[in-house]
Structure formats: structure tokens, C-alpha cells
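Written below as C-alpha cells is the structure these notes are about.
Since this is a predicted model, take the numbers as computed values, not measurements.
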Amino acid sequence: MIPQDKIKQIQTIWDNYVASNKRVLDTKGNEFDNIDEARLNAIVELKKFIEQFQTGIINVFEFKTNVDSFNKRNNLWGFTATKGQMFFNQLVKNSESDIEKLSKLLKECLYLPSNLTEALSKIEALEKYSLGISSKVKDKRKAPNPGSVGYFLSYFWQIQDNRAWPILYTSLINAYKELEFWQEKENQVQTYRFFYDLNEQIKVVLKEYTSKEINNWDAEHAFWNFKGNPNKTTNTTTIKKNKPIVVEEEEKIIAVNASFELSDYLIPKVSKLIELGNDNEKSSSAKGFAYEKLVAEIFKQLDFEVEILGQGTRRNPDAIIRYREENTVFLIDAKAYSNGYSLGVDDRAIKEYINHYCPKLQKEGYKKIGFIIVSNSFKSNFDGFINEITWNTDIKRFILLSSEALLYLLAYKTKDRIPPATIIETLVSLGNPIESKNIIEEFDDV
């Protein structure tokens with residue numbers, strides 16, 4: 001039973017949600033006009049994918065791709081993050097040698113449970129399967145995280161019956177922790193049982209308080225409004241430690257914040273990257289050299305093979321990072337500009353780097369070559385230059401990456417065991433410039 005003092009807190013959370021006009025933000029911090037209606041429309045399509053997979057019209061590969069593509073266009077449940085699509089991708093990739101076994105298991109687990117006991121048995125089966133993969137894989141980052149099973153399955157159950165099954169959101173757990181009525185459990189079975197029971201109690205509390213029926217989405221939205229949704233509107237330009245936000249106009253902005261403190265997942269040395277880029281006391285050469293070394297160190301911590309070329313000749317980028325498993329390599333140019341980086345005279349130098357190193361890297365067997373510029377911010381429009389480079393040279397992807405985005409990449413890699421292949425996929429799929437909010441939207445738990 002929920003204690004009386006906690007009941008009062010739940011009632012206050014509901015009152016605040018109602019006072020906000022039942023406001024719900026999407027993963028980019030934009031307000032939904034009516035998220036419930038949008039979800040109901042999306043469910044029609046998602047249920048078709050589930051039914052097609054269950055009946056054998058599409059296989060697990062097609063099912064995974066269909067769900068991924070749809071959720072990227074309609075990210076109403078946060079499935080695009082690590083506990084959803086990333087878990088699905090790793091589950092399938094690690095099961096390719098016996099894909100029929102996984103397909104059979106998924107069909108059984110995704111089939112709508114008739115009661116909580118049956119749901120928990122399905123969670124136990126998929127958690128056991130995921131643990132089996134993890135025990136055999138040397139690099140645990142490439143294995144599906146068993147801690148994602150509860151969210152993953154409850155998402156598909158809610159698609160089939162949204163009134164019966166609440167989704168095990170990390171954001172809701174964080175809210176419950178802050179209110180001090182969450183208890184950590186040893187496995188996903190125990191976690192979902194506790195979560196399910198707590199959610200039912202909260203709905204009863206709110207039903208008695210409002211004299212109205214309260215469904216899973218009502219409770220979810222209220223707690224997102226309180227704490228769980230990391231994307232909140234702000235009117236302030238205050239810069240928090242380790243979370244600087246560049247504001248271009250004096251107007252109401254949307255700040256997309258991670259569900260954790262950035263400094264919790266960074267060693268002190270690399271956490272000073274943004275500060276170093278903004279430093280106006282060091283000489284430009286000293287600042288540039290230190291910034292380049294730190295950028296190289298971060299890519300090393302992201303598990304790339306890093307070759308530092310250093311300052312000196314203009315024909316050298318600052319570093320080359322390699323990932324042999326994917327035959328992928330990037331030329332890295334780090335720019336420590338406090339007021340934002342613009343091309344200027346560097347366009348010629350960049351072309352020299354490319355023309356000099358691409359043939360060498362191709363001889364080493366690298367088939368995918370990219371170019372990354374890292375800076376605190378970017379001033380000019382690079383589109384024309386980037387189009388010219390990707391059309392006329394062997395560079396397949398030209399990336400503008402902010403310092404803060406790079407730090408968040410490292411934090412998520414440390415927190416969620418993200419492998420280099422996923423990092424590469426993210427970098428090449430996002431538009432320029434890549435900022436911290438883009439990385440948070442891609443990887444943050446919901």
C-alpha cells in the first residue's frame with residue numbers, strides 16, 4: 001500500500017499535470033496536440049506488423065525493420081532509444097545463426113498475455129535468452145542488455161492492449177525513485193511485477209481523488225509532467241555545469257536534457273573539453289594542441305583505434321580514427337574556437353588532407369572513409385562545401401560534431417555499453433551539425 005504522505009504527493013502531481021493543460025512533450029521537446037489520439041492512430045499500423053510477424057507473412061528481419069522505420073517517423077513511445085530498437089537490433093544480430101529459435105521465442109513472448117503471471121513468464125523467457133547471449137559474447141556491449149526486456153515486451157503488449165499493460169519506462173522509475181517509493185529488484189521479472197502493482201495502486205489513488213477512470217496513459221503523462229520526461233520547456237539561458245546551452249535568440253527555447261548528469265559518466269580530464277574550447281587565456285596554438293589531444297582521447301575511449309598526427313604541417317588532420325571491424329575510418333579535425341568555427345581558409349587544407357590520406361587508407365582496405373570536424377559550435381553554413389566534398393572525393397560522410405555532443409556520446413557509451421558500430425551508425429545518420437540534443441534524442445531512456 002502507498003503511504004498517506006505519498007498519496008498526497010501523487011495528488012499534487014496530478015493537479016500540476018491538469019494545471020499544465022495536460023501538456024505532454026515529445027522526445028524533441030515539442031508539445032503534442034493530442035498524444036493519445038496520435039498513439040491510437042499509430043497502433044493501427046503497429047498491430048498490423050505484429051500480426052504479420054505472428055502469422056508468418058513477414059520474418060523477424062522484416063518485422064524489426066518495419067517497427068524501426070515506423071517509430072522513427074512516429075516516436076510516440078520512445079522505442080527508438082537503447083531499450084527498444086537497439087535491444088531489438090542486438091537481439092537479432094546475435095541470433096542470426098539460429099534465427100528460427102529467436103523468431104519462435106519472440107512470437108511467444110509478444111503474444112498478448114492474459115494475466116500478470118503469464119506476462120512475467122514471458123519476461124523470464126526473454127531475459128534468460130538475453131543472458132545466454134551475454135554469457136557467450138566477449139564484448140558485452142554487442143549483446144542485448146537483459147535489463148531492457150521489461151520495457152521491450154511491455155511496449156509490444158501496450159500496442160495490443162493499452163489499457164491492460166503499462167510500459168516499464170526508465171523515466172517513470174526515476175520519478176518513483178525521487179518520490180521514494182521505488183524498490184530496486186534483482187531481475188526483470190521482479191522489476192516488472194513491482195512496477196505493475198505500483199502503477200495499479202497509483203491509478204486507484206487518482207481514481208478515488210478525481211472520481212474518474214484513470215488509464216495507463218493518464219498516469220504516465222502525469223508523472224512525465226512531474227519528472228520522468230527529460231525534455232522540458234525553459235525560459236532561462238542559465239548555463240549549468242557540464243551542460244552549456246548555446247542560445248542564438250532571446251526567446252522561449254526548448255532544452256532537451258539527458259536523464260542523468262553528464263559528469264557522472266566522464267572522467268574529469270575529458271569533461272573539460274568545452275571549457276578548453278572556450279578558453280581565451282591560452283595562446284591559440286597551446287589551446288589548439290590541448291583540445292586536439294583531448295578530442296583524440298575521447299575517440300579512444302569510444303573504442304576507436306586512434307592515430308594522432310598532431311600539429312605542424314598543414315597536410316595533416318589532427319587524428320585518424322579506425323574501426324577495422326566495419327572497415328570504417330574517419331579523418332578528425334579538432335577546432336578550438338570560442339566563438340564558433342567557420343571554414344575560412346581551412347577549406348583548402350581539408351581538401352589536401354582528403355587527397356593525401358584517402359588513397360593510403362583505401363590501400364589499407366578501408367571502404368568507408370569519413371571526415372569529422374569537432375568544435376564547440378559552428379558559425380557558417382557548410383552545406384555547399386560538404387556537397388562538393390562528398391561528390392568530388394572519396395569521403396562518404398562529412399560530419400560537424402559539437403564538443404558537447406561528443407561528450408554525450410562518450411557518456412552514453414559508458415552508461416549503456418554502446419559499441420563503436422552503433423556510434424558510427426548514429427554519426428552517419430544524423431544531419432549537420434550534430435549537437436547534444438541530437439545524441440540525447442537518439443540514446444536517452446524514456
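Checking Thr426, Thr422, Asp444 one by one against Tyr412, the side chain to side chain donor-acceptor pair (under 3.5 Å) holds for a single residue, Asp444.
Residue pairs meeting the salt bridge (Lys or Arg N to Asp or Glu O under 4.0 Å) criterion with at least one member in residues 57-71, sequence neighbours excluded: Asp68-Lys72.
The nearest pair of heavy atoms linking Ser134 to Ala143 is CA-CB, 3.8 Å.
Formation of a donor-acceptor pair under 3.5 Å by the Gln85 side chain with backbone atoms of Phe79 is not found in this model. Between the side chain of Asp161 and the main chain of Arg163, a donor-acceptor pair closer than 3.5 Å is present. A donor-acceptor pair under 3.5 Å links the side-chain atoms of Gln201 to the main chain of Ile2, judged by distance alone. At least one donor-acceptor pair closer than 3.5 Å links the side chain of Asn94 to the backbone N or O of Lys142. Gln160 contributes a side-chain N or O that, together with a main-chain N or O of Leu110, makes up a donor-acceptor pair within less than 3.5 Å. With Ser375 contributing its side chain and Lys335 its backbone, the two residues share a donor-acceptor pair below 3.5 Å.
Considering only residues two or more places apart in sequence or on other chains, Phe63 meets the ring-ring contact (aromatic ring centres under 6.0 Å, His included) condition with Phe53, Phe88, Phe156. For the side chain to side chain contact (heavy atoms under 4.5 Å, CB included) test, residues two or more places apart in sequence or in another chain that qualify with Glu45 are Lys48, Phe70.
Using cut-offs of 30° and 60° for the angle between ring planes, the His221 and Trp224 rings count as tilted. Between Phe299 and Phe304, the two ring planes are perpendicular [angle over 60°; tilted spans 30° to 60°]. In this structure, Tyr192 and Phe195 have tilted ring planes: the angle between them lies in the 30° to 60° band.
Side-chain polar atoms of Asn278 and Asn376 form a donor-acceptor pair below 3.5 angstrom. Asp416 and Asn145 share no donor-acceptor pair across their side chains, judged by distance under 3.5 Å alone.
Rounded to the nearest 0.5 Å, atoms NZ (Lys207) and CG (Asp218) are 12.5 Å apart.
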